[in-house]
Amino acid sequence: MTDPGDGPAGNATRIHARGVPRQRHTSGSVTSGSGASRSAPSRTGSRARPKVGAGGRRARPARRGGRILRTAAITLSVLVLATSGVGWWFYEHLNGNLHSVPLTDGTGSDSAGKEKPDAFGRTPINLLVMGSDGRTDASDCKLGGGCSKTGVQSGSNADVEMVMHISADRSNATVMSIPRDTMTTVPACKDSETGMSTKGYTGMVNSALEYGPACQVATVHRLTGIPIDHFVKLDFSGVVKMSDAVGGVSACVDKDVYDTYSHLKLAEGTHTLKGVAALEFVRSRHGFGDGSDLGRTYSQHIFLSSMIRKFKSAGTLTDPTAVYHLADAATKALTVDTGLGSVRKLIGLAADVDKVPAKRITFTTMQTAPDPGDSNRLVPAATAQSLFATIADDRSLTGASGEKTAAASATAKDTPTATASAIPAARIALTVENGTTVAGRASAVATALIDKGFSSGTTTGNAAGTTSRTTLTYGSGHKAEAQTAAKALGLPSSHLDQSGAAGTGLTLVIGTDWTSGTTYPATAPADTKAATADAHAETADQSKTCAKVSPYRTVELNGVAMTPSQAYRAATGTKDSAP
């Protein structure tokens, strides 16, 4: 993709060119000032006299070639000025559309994690894509519903969360969905724009957005251990605008479907989804799979794969008008981190994605298990740790061999050894909390730390709830102590989290990824087959994949529970979402 001025500005140039008054030329010479009357000697003879016209004036020899060159130069200058002017206006217009906020504002400078470059100095890109359910204006209220009693709302949840990983060598990409019903630990956060703050809690992963995008970033990093470099947030109206801007997105359903909650109604087969129909499709939770959020992530992958194929198809990004409408819609719809807060940076990101072939872009969903405390909620399954590690280690999911990419092979092992401080262990006390269901875990690890020379002031307790991932949090100014403790425990540096206030000590929360032993289990390089075990995974080039309509009674029509296909046949008076 080129600079944003190239497409639309070229179109505007033609408009301006037509509006520039043309020079009126006569069939004879054009005079301009006194110099125009003085002609060069004729080249027909060394002393031949210039011809004199009927009016007694000397006629200047016709120099048609010179006039053409001069006119071309003037015209070119006008075109360049017009192009640069419109291109600059377009560029500034798109920049003005963007809303950006800091990546870690109100969460601590290390809350998003840090990427490690490979031996060639290249780094992967991990982008958190958030789909907000906020009804923060009349447009989103109309599209999302639910405002009839509450009116326009101020908060929002991240009902769609996807981590997009682009490899360091730009040869492959992975898009991992995190189901919104996943229970996790939300760290202490404060949204600088709204003032909303929390001291931290255990809750659904999507709820962190209530405290700002940076809080959602910190929560996902804490859950997965994957460094998050950037984020983009999209609302209801943004989905509508962008699907319209690309001329619709093709999607297939394997049976008739009517989701009476999202209002998606489609006959079996392939449809071009635009506007509201596109929003209904990506929001449909009861229409697909088992009627849970898991089924929705699968259908979203089908939609996004189709959109990627359309972007890559010939002609989609070569029409200046289409590019303008797409760029205008996208920049109006997005909230991004300040690292992506300009059109030029967004174009750079788009160019990186475009380098990856569709067959090397894998869509997958984090493996989950029912939450022991609430059957309507989820927790990461044990196999999810392998998927997290594969992404964090920059390994492709498109191959079955389990071999790393060239970039991943050169990446240093993630341990705290290289940066661990020499601060004596005797000066370091920790609070060790048990976040597992195994009794005595905190005491066992705390005793081991004291035996290794750590302060006898080390204490134990229970975490606020079960957590899937072991973390060592520390306040500002205590990073060196945290690194010393991590080295003693064998805890990778990606598990360290500066989320406490200044002066806050070290708190080790033991997760279900460490249920035995007093040294954190070494993680062998994840095999890509293991990484996607029990996970729905497919590549973006699979154009014939249809969304699986739920066979269960997940919807309700006129007070009667029925399957989405039964509802389709019963709702004869309801118009289909798309032809």
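Any value given below was found using the heavy atoms of this structure, including those in side chains, with hydrogens, waters and symmetry copies removed.
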Open item on the list: What I'd like to find out is whether the side chain of Leu98 reaches to under 4.5 Å of the side chain of Leu346, using heavy atoms alone.
Closed with: yes
- [ ] Taking atom types as modelled, find out whether Asn172 and His165 have a side-chain donor-acceptor pair closer than 3.5 angstrom.
- [x] no
Task: Ring centers of Phe281, Phe288 separated by less than 6.0 Å - done: yes
Task: Electrostatic pair Asp293:Arg285 at N-O distance under 4.0 angstrom - done: no
Open item on the list: As an exercise, state the distance from CG of Asp371 to CG of Asp181, rounded to the nearest 0.5 Å.
Closed with: 10.5 Å
Task: side-chain hydrogen bond (donor to acceptor under 3.5 Å, both in side chains) evaluation trace for Ser207 with Tyr201 - done: CA-CA 10 Å; Ser207 66; Tyr201 61 93; 2.8 Å; yes
- [ ] Please tell me if the side chains of Thr512 and Thr467 come closer than 4.5 Å, counting only heavy atoms from C-beta onward.
- [x] no
TODO: Please check if any side-chain donor atom of Thr539 sits under 3.5 Å from a side-chain acceptor atom of Gln542, or the reverse.
DONE: yes
- [ ] Would you check if Thr368 and Val379 make a side-chain contact, meaning some heavy-atom pair closer than 4.5 Å?
- [x] no
- [ ] Specify the closest pair of heavy atoms between Leu223 and Phe388, including all atoms of both residues, with the distance to one decimal.
- [x] O-CE1, 3.7 Å
TODO: First locate atom OG of Ser342, then atom CG of Asn95, and finally report the distance between them rounded to the nearest 0.5 Å.
DONE: 6.0 Å
Open item on the list: Assess, by modelled atom type and distance only, whether the side chains of Glu280 and Ser262 contain a donor and an acceptor separated by less than 3.5 Å.
Closed with: no
TODO: Start with the C-alpha distance between Thr364 and Leu387, add both sets of side-chain angles, then the distance that settles side-chain contact (heavy atoms from CB on, under 4.5 Å), and finish with yes or no.
DONE: CA-CA 9 Å; Thr364 189; Leu387 177 59; 4.2 Å; yes
TODO: Please examine the side chains of Val220 and Ile178, heavy atoms only from C-beta on, and report whether any two atoms are closer than 4.5 Å.
DONE: yes
TODO: Report the distance from atom CE of Met204 to atom CG of Asp374, rounding to the nearest 0.5 Å.
DONE: 9.5 Å
Task: Note, Pro380 side chain near Thr182 side chain (heavy atom, < 4.5 Å) - done: yes
Task: Distance (rounded to the nearest 0.5 Å) between Thr470 OG1 and Asp513 CG - done: 3.5 Å
Open item on the list: For Tyr261, give me all partners under ring pair (Phe, Tyr, Trp, His ring centres under 6.0 Å), at least two apart in sequence or on another chain.
Closed with: His286
- [ ] Using the side-chain contact (heavy atoms from CB on, under 4.5 Å) rule, take Ser171 and Arg360 through it: C-alpha gap first, then chi angles, then the decisive distance, then the call.
- [x] CA-CA 7 Å; Ser171 69; Arg360 297 276 286 166; 3.7 Å; yes
Open item on the list: Looking at every heavy atom in both Asp159 and Arg296, which two are closest together, and how far apart are they?
Closed with: O-NH2, 4.2 Å
TODO: Would you confirm whether Ser306, through its side chain, and Ser250, through its main-chain N or O, come within 3.5 Å as a donor-acceptor pair?
DONE: yes
Task: Residue pairs fulfilling disulfide (SG to SG under 2.5 Å) with at least one residue in residues 335-366, sequence neighbours excluded - done: none
Open item on the list: Any non-hydrogen side-chain atom of Val163 less than 4.5 Å from a side-chain atom of Thr224?
Closed with: no
- [ ] Mind jotting down which residue pairs meet the side chain to side chain donor-acceptor pair (under 3.5 Å) criterion with at least one end in residues 96-105? Sequence neighbours excluded, please.
- [x] Asn97-Asp328, Asn97-Thr331, His99-Glu193, Asp105-Ser192
Task: Check: His536 ring centroid to Phe363 ring centroid under 6.0 Å - done: no
Task: Nearest heavy-atom neighbours spanning His301 and Thr365 - done: CE1-OG1, 3.3 Å
Open item on the list: Test your reading of the model: is there a side-chain donor-acceptor pair from His230 to the backbone of Leu127, 3.5 Å cut-off?
Closed with: no
Open item on the list: Is the shortest side-chain heavy-atom distance between Leu430 and Leu472 below 4.5 Å?
Closed with: yes
Task: Nearest atoms (heavy-atom pairs only) where Ala464 meets Thr202 - done: CB-OG1, 3.9 Å
TODO: Output the distance between atom OG1 (Thr473) and atom CG (Asp110), rounded to the nearest 0.5 Å.
DONE: 12.5 Å
Open item on the list: Assess the residue pair Arg222 and Thr184 against the criterion (side-chain contact (heavy atoms from CB on, under 4.5 Å)); give the C-alpha distance rounded to whole Å, side-chain angles, the decisive distance to 0.1 Å, and a yes or no.
Closed with: CA-CA 9 Å; Arg222 185 182 182 120; Thr184 190; 6.0 Å; no
Open item on the list: Working to the nearest 0.5 angstrom, can you tell me the gap between Glu538 CD and Ile302 CD1?
Closed with: 5.5 Å
TODO: Report yes or no: does Ser386 contribute a side-chain atom to a donor-acceptor pair with the main-chain N or O of Thr383 at less than 3.5 Å?
DONE: no
Task: Residues Ile510, Val432; criterion side-chain contact (heavy atoms from CB on, under 4.5 Å); working and verdict - done: CA-CA 7 Å; Ile510 305 171; Val432 183; 3.7 Å; yes
Open item on the list: Closer than 3.5 angstrom, by distance alone: can the side chain of Lys233 be matched with the main-chain N or O of Ala158 as a donor-acceptor pair?
Closed with: no
Open item on the list: Restricting to non-hydrogen atoms, name the atom on Asp259 and the atom on Gly287 that form the minimum distance, rounded to 0.1 Å.
Closed with: OD2-N, 3.5 Å
Open item on the list: Checking side-chain contact (heavy atoms from CB on, under 4.5 Å) between Val217 and each of Asp337, Leu209, Leu128, which is the one that passes?
Closed with: Leu128
Open item on the list: I'd like to know if the side chain of Glu115 pairs up with that of Asn126 as donor and acceptor (distance under 3.5 Å, no hydrogens or angles considered).
Closed with: yes
Task: Student check: side-chain heavy atoms of Val160 and Gln300 closer than 4.5 Å - done: yes
TODO: Provide the closest heavy-atom pair for Val205 versus Arg180 in the form atom of the first, atom of the second, distance.
DONE: CG1-O, 3.8 Å
